[in-house]
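Notes follow once the structure below has been shown.
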Amino acid sequence: MKIYRIAFAALMVFSLLFSKSFAQKNFAKDADDAYKFYQYYEAIDLYKKAYAKVKKDKAEKARIVFQIAECYRMTNDTKQAEVWYKKAVSAKYSDKIAVLDYADMLKINEKYEDAIVQYNAYATLVPSDPRGAKGAESCTLSQQWKDNPSRYEVENMKALNTKEMDFSPAYADKKFKSLIFTSSREGSTGSDYDAWTGQSFTDLWLIAQDKKGSWSTPVSIGENINTKFNEGASCLNAKMNELYFTRCGFEKKKQLGCQLFVAKKKNTSWDVPDSLKLAPDSCSVGQPSLSEDELTLYFASDMQGGYGGKDIWMAKRTKKNKEWDKPVNLGSNINTEKDEMYPFIREEGILYFSSNGYSGMGGLDIYKSEKTDDKWGTPVNMKYPINSPGDDFAIIFENKLEKGYFSSNRKGGKGSDDIYSFIQPPLVFTLQGKICNDSTKAMIKGALVKLIGSDGTMVEYTSDATGLYQFDKTKFLPNTSYEIQVSKSNYFGKKGKESTVGLERSKDFVHDLCITPIPAIPIVLPEILYDFNKWDLLSQYQDSLNGLIQIMTDNPTIVVELGSHTDARGSLEYNDSLSYKRAKSVVDYIITKGIAGDRIEAKGYSKRVPRTLTKDLTRDGFVFPKGTTLTEEYINALKGNDKKFEAAHQLNRRTEFRVLRDNYVPHADTTTNIVAPKIEVKTDEESINKEEKMQQQPDNNIFTPDNNVKSDEKTPAELKQDSLDNAKKVVKPIPTPKPKTNIKTTPKNTKKPVTKKK
């Protein structure tokens with residue numbers, strides 16, 4: 001593939017030796033020789049001539065077809081490579097690798113469904129090779145990445161690129177306004193062409209940007225750097241006065257690799273470069289990237305000791321004027337059995353490079369790896385649009401900004417390889433919504449909206465006349481989770497959640513919230529039942545209080561009254577005590593959930609306040625119509641139907657709450673219930689009448705009762721026996737605590753609690 005020529009500035013160049021001296025009688029041998037010495041452009045024509053002369057040898061024909069496909073792949077003509085690999089597979093070429101190569105070309109040409117078929121076919125033919133399964137997986141990922149691109153915006157540098165190869169940019173000044181890049185454009189040094197690609201040999205070129213952002217005409221970097229053969233990928237030190245670059249040597253009848261050179265700046269030109277000698281001449285070394293402190297040099301090489309074709313290596317030195325130590329391979333966390341090239345060390349511990357050894361989009365993809373505790377992390381694909389189905393490589397960043405340049409031969413470019421700019425626009429998030437009345441849906445003016453971020457920030461907004469609240473990009477930030485709290489006098493508060501964590505696209509959030517008016521009348525809680533003659537709150541009914549606990553948690557300034565009611569059976573004295581104890585058991589449980597005791601005024605109403613239904617209710621199959629008041633007279637009239645009689649009594653047994661005020665000031669020490677709750681047995685008739693009037697409310701305004709629970713109060717037979725027993729003895733009344741007296745433990749404890757000092 002042409003990209004390998006790019007990787008080492010054409011690697012080996014022997015076009016002068018072989019371009020005019022091939023014998024014409026054995027085209028297959030001549031083609032094989034040209035292929036051996038990387039002259040793929042010329043080998044294609046020779047193989048086609050050889051194919052025309054083969055008559056009956058099917059195996060040789062299949063081999064030649066495969067070799068033609070290989071040459072097209074190496075010159076990066078993926079469309080023709082696809083055609084010829086398909087022919088090789090149809091001709092039953094002996095090496096199953098043809099199926100894998102065919103699948104690769106289909107993927108590069110964005111024919112993902114067809115590629116998956118061929119990858120699966122290869123996996124069946126060679127089950128021990130994981131590349132089949134990985135290839136099929138990469139097709140699925142590629143389509144997903146294209147459908148959900150990253151935030152990077154990519155643009156072809158049309159003012160810089162030509163129809164020839166333009167690639168491997170490097171910043172050439174401290175202000176990032178000029179670039180040195182590699183190109184085979186017209187005007188390159190030397191008059192010969194590269195038999196690998198059919199284009200001129202590559203040189204290093206310089207281009208600069210003026211104050212208006214316009215690019216100048218590229219100029220050759222100078223004769224001390226450029227030769228008649230290939231010069232390639234480069235980088236500069238922090239002071240921009242030392243140039244590290246790749247140069248590929250040439251000597252007749254010898255295979256010389258590429259090496260790294262360094263040249264110092266002399267006035268406005270570059271001095272004669274020196275070779276770094278990091279590997280034997282038979283190996284190729286290229287594509288340098290220098291750390292900011294200039295003590296570590298990263299590069300690509302095929303020297304011995306690697307993991308595959310080309311690997312990423314590094315060499316260190318103790319001081320800038322010292323020699324480089326022996327190169328060290330970056331290891332298996334970075335390198336694969338295939339090719340890893342074009343390293344770019346952005347900051348110490350953040351490495352970018354290109355590879356065709358991972359599940360990428362096709363050809364070379366750009367990856368990022370971060371070092372932690374002296375170990376490189378798993379490489380992360382930069383995804384689309386940085387990567388494409390083609391070759392994407394040689395990325396550079398402008399300091400710590402998410403902008404820079406890279407090279408690609410993707411579709412839509414001006415030439416075979418082009419330079420692209422990229423930038424990641426800042427994430428911009430906003431949040432707005434409307435606050436409405438949950439009952440009437442009318443917009444609410446003057447609601448306080450608090451935005452509390454996981455980063456510790458808190459901002460407020462008061463809704464306007466249209467109910468609108470809004471937070472702009474300065475208050476609603478990326479990678480932050482938020483809680484939205486809405487509050488207004490005489491309304492229950494409400495909370496919402498939004499998060500920008502992990503989002504890679506700017507977004508305008510809309511979050512409307514409707515808040516519920518606080519009713520002046522009691523709200524019936526889901527039913528809470530007790531064992532016979534018991535007041536301990538059973539665990540299966542604790543969940544019935546979660547709604548109230550949540551309301552009190554969400555509304556930390558409200559104080560509530562909790563009222564406990566019994567049915568009409570039994571004496572007032574008995575039910576006074578029972579309702580008191582049951583009210584207290586509820587209060588005790590609520591306090592264990594972190595609710596301050598002085599936010600609750602608990603009252604036992606005994607059987608004094610029968611329930612009035614504000615809507616039809618069904619209990620045990622019986623319908624009780626709206627407007628019914630469940631008085632003792634009404635219920636006694638149902639005695640002919642025992643089940644309905646019991647169901648009516650059950651509706652009277654209830655626990656209610658209502659909001660008394662919303663100006664409670666929470667204690668500084670929220671971990672301690674400083675003041676005990678108020679618990680009363682309600683006996684004042686005037687207050688009872690007031691409570692009766694306040695029952696005109698929906699029974700399921702906030703909570704939905706369980707309509708299928710069973711009675712646990714005394715049965716009629718048990719109550720009759722109680723009456724007989726009471727007639728035989730004098731009942732000593734159970735002490736009733738005085739109204740508004742703070743109780744901490746039992747009804748007998750009427751002492752004023754001790755308040756802890758802060």
Worksheet item: Which atom names give the shortest non-hydrogen contact between Asp325 and Ala315, and what distance separates them?
Response: O-CB, 3.7 Å
Fill in: Full working for side chain to side chain contact (heavy atoms under 4.5 Å, CB included) between Gln470 and Phe476
CA-CA 10 Å; Gln470 53 190 349; Phe476 197 60; over 6 Å; no
Fill in: Side-chain (Asp271) to main-chain (Lys264) donor-acceptor, under 3.5 angstrom
no
Worksheet entry | For the student: nearest non-hydrogen atoms of Asn230 and Thr202, plus distance | OD1-N, 2.8 Å
Worksheet item: Less than 4.5 Å apart, any side-chain heavy atom of Trp313 and any of Asn335?
Response: no
Discussion item. Could you tell me if the side chain of Lys265 sits less than 4.5 Å from the side chain of Met240, heavy atoms only?
Written reply: no
Worksheet item: Side chains of Lys107 and Ser142: do they bring a donor and an acceptor to under 3.5 Å?
Response: no
Worksheet item: Are any non-hydrogen side-chain atoms of Leu351 and Trp376 less than 4.5 angstrom apart?
Response: yes
Discussion item. For the residue pair Asp203 / Ser220, report whether a side-chain donor-acceptor contact shorter than 3.5 Å exists.
Written reply: no
Worksheet item: Can you tell if the side chain of Val449 reaches within under 4.5 Å of the side chain of Phe471, non-hydrogen atoms only?
Response: yes
Worksheet item: Is the shortest heavy-atom distance from the side chain of Glu164 to the side chain of Ser200 under 4.5 Å?
Response: no
Worksheet item: For the side chain of Ser291 and the backbone of Thr296, is there at least one donor-acceptor N/O pair under 3.5 Å apart?
Response: yes
Worksheet item: Does Ser369 reach the side chain of Asn333, with side-chain heavy atoms less than 4.5 Å apart?
Response: no
Discussion item. Quick one: does any side-chain atom of Arg410 pair with a main-chain N or O of Asp418 as donor and acceptor, under 3.5 Å?
Written reply: no
Fill in: Separation of Leu236 CG from Ile180 CD1 (nearest 0.5 Å)
4.5 Å
Worksheet item: Going by atom types alone, do Thr457 and Asp455 pair a side-chain donor with an acceptor below 3.5 Å?
Response: yes
Discussion item. Side chains of Asn148 and Gln144: any donor to acceptor distance under 3.5 Å?
Written reply: no
Worksheet entry | Gap between atom CD of Glu110 and atom OG of Ser388 - 0.5 Å precision | 8.0 Å
Worksheet item: Does the side chain of Thr500 reach to within under 4.5 Å of the side chain of Leu427, using non-hydrogen atoms?
Response: no
Worksheet item: Would a distance-only check, ignoring hydrogens and angles, find a side-chain to backbone donor-acceptor pair under 3.5 Å from Asn237 to Asn241?
Response: yes
Worksheet item: Cationic tip of Lys507 within the cone over Phe509's six-membered ring, i.e. under 6.0 Å and within 45° of the normal?
Response: yes
Worksheet item: Please walk me through it: do Trp215 and Leu179 pass side chain to side chain contact (heavy atoms under 4.5 Å, CB included)?
Response: CA-CA 10 Å; Trp215 291 97; Leu179 296 172; 3.9 Å; yes
Worksheet item: Hey, mind stepping through Phe181 and Tyr405 against ring pair (Phe, Tyr, Trp, His ring centres under 6.0 Å) and telling me if it holds?
Response: CA-CA 11 Å; Phe181 65 98; Tyr405 302 91; over 10 Å; no
Worksheet item: Are Phe422 and Tyr152 an aromatic pair by the rule of ring centers under 6.0 Å?
Response: yes
Discussion item. Between Ser150 (side chain only) and Tyr384 (backbone N and O only), is there a donor and an acceptor less than 3.5 Å apart?
Written reply: yes
Worksheet item: Taking it one step at a time, do Asn356 and Asp104 satisfy side chain to side chain contact (heavy atoms under 4.5 Å, CB included)?
Response: CA-CA 11 Å; Asn356 58 10; Asp104 286 341; over 6 Å; no
Worksheet item: Does the Asp392 side chain pair with the main chain of Ile366, one donor and one acceptor, at a distance under 3.5 Å?
Response: no
Worksheet item: How are the rings of Phe176 and Tyr171 set relative to one another: parallel (under 30°), tilted (30 to 60°) or perpendicular (over 60°)?
Response: perpendicular
Discussion item. I'd like to know if the side chain of Asn381 and the backbone of Lys383 have a donor-acceptor N/O pair within less than 3.5 Å.
Written reply: yes
Worksheet item: Where do Asn156 and Gly413 come nearest, in terms of heavy atoms and distance?
Response: ND2-CA, 3.7 Å
Worksheet, complete the sentence: Tightest non-hydrogen contact, residues Glu340 and Tyr358, listed as OE2-CE1, 4.2 Å
Worksheet item: Step by step, would you call Ile386 with Val154 a side chain to side chain contact (heavy atoms under 4.5 Å, CB included)?
Response: CA-CA 7 Å; Ile386 293 293; Val154 170; 4.2 Å; yes
Worksheet entry | Enclosure of Lys450 NZ (heavy-atom neighbours >12, cutoff 6.0 Å) | no
Discussion item. In this structure, is the centre-to-centre distance between the rings of Phe353 and Tyr298 below 6.0 Å?
Written reply: no
Worksheet item: Are the charged groups of Glu294 and Lys322 less than 4.0 angstrom apart, N to O?
Response: no
Discussion item. Could you report the tightest heavy-atom contact between Ser301 and Val285, atom names first, then the distance?
Written reply: OG-CG2, 3.6 Å
Worksheet item: Between CG of Leu477 and CG of Leu431, what distance do you get to the nearest 0.5 Å?
Response: 11.5 Å
Item to complete: Kindly say whether Pro478 contributes a backbone atom to a donor-acceptor pair with the side chain of Thr480 at under 3.5 angstrom?
Response: yes
Worksheet item: How would you list, by chain and number, every residue that makes a side-chain contact (heavy atoms from CB on, under 4.5 Å) with Lys211, sequence neighbours excluded?
Response: none
Worksheet item: How long is the span from the CG atom in Asp311 to the CG atom in Asp339, to the nearest 0.5 Å?
Response: 8.5 Å
Worksheet entry | Nearest-0.5 Å distance that lies between atom SG in Cys258 and atom CG in Asp302 | 9.0 Å
Discussion item. Rounded to the nearest 0.5 Å, what separates atom OG1 in Thr189 from atom CD in Glu231?
Written reply: 7.0 Å
Fill in: Under 3.5 Å: donor-acceptor pair, side chain of Thr78, backbone of Met105
no
Worksheet entry | Side-chain donor-acceptor contact under 3.5 Å, Arg73 with Tyr85 | yes
Discussion item. For the backbone of Ser359 and the side chain of Ser138, can you confirm whether one donor and one acceptor N or O come within less than 3.5 Å of each other?
Written reply: no
Fill in: Counterpart residues, side-chain contact (heavy atoms from CB on, under 4.5 Å), relative to Asp464 (two or more places apart)
Thr466, Leu468
Response to the item:
Applied to residues 358-368, the salt bridge (charged side-chain N to carboxylate O under 4.0 Å, His left out) test, sequence neighbours excluded, yields Lys368-Glu370
Discussion item. Within the 3.5 Å criterion, strictly below it, is a donor on Ser407 or Asp417 matched to an acceptor on the partner's side chain?
Written reply: no
Worksheet item: Between the side chains of Thr430 and Asp472, is a donor N or O closer than 3.5 angstrom to an acceptor N or O?
Response: no
Fill in: No-hydrogen, no-angle side-chain donor-acceptor test under 3.5 Å, Ser499 and Ser481
yes
Fill in: Leu260: which of Phe299, Phe245, Tyr244 passes side-chain contact (heavy atoms from CB on, under 4.5 Å)
Phe299
Discussion item. How close do Gln287 and Thr246 get, counting heavy atoms only, and between which atoms?
Written reply: N-OG1, 2.9 Å
Discussion item. When you compare the side chain of Lys473 with that of Pro426, does any pair of heavy atoms fall below 4.5 Å?
Written reply: no
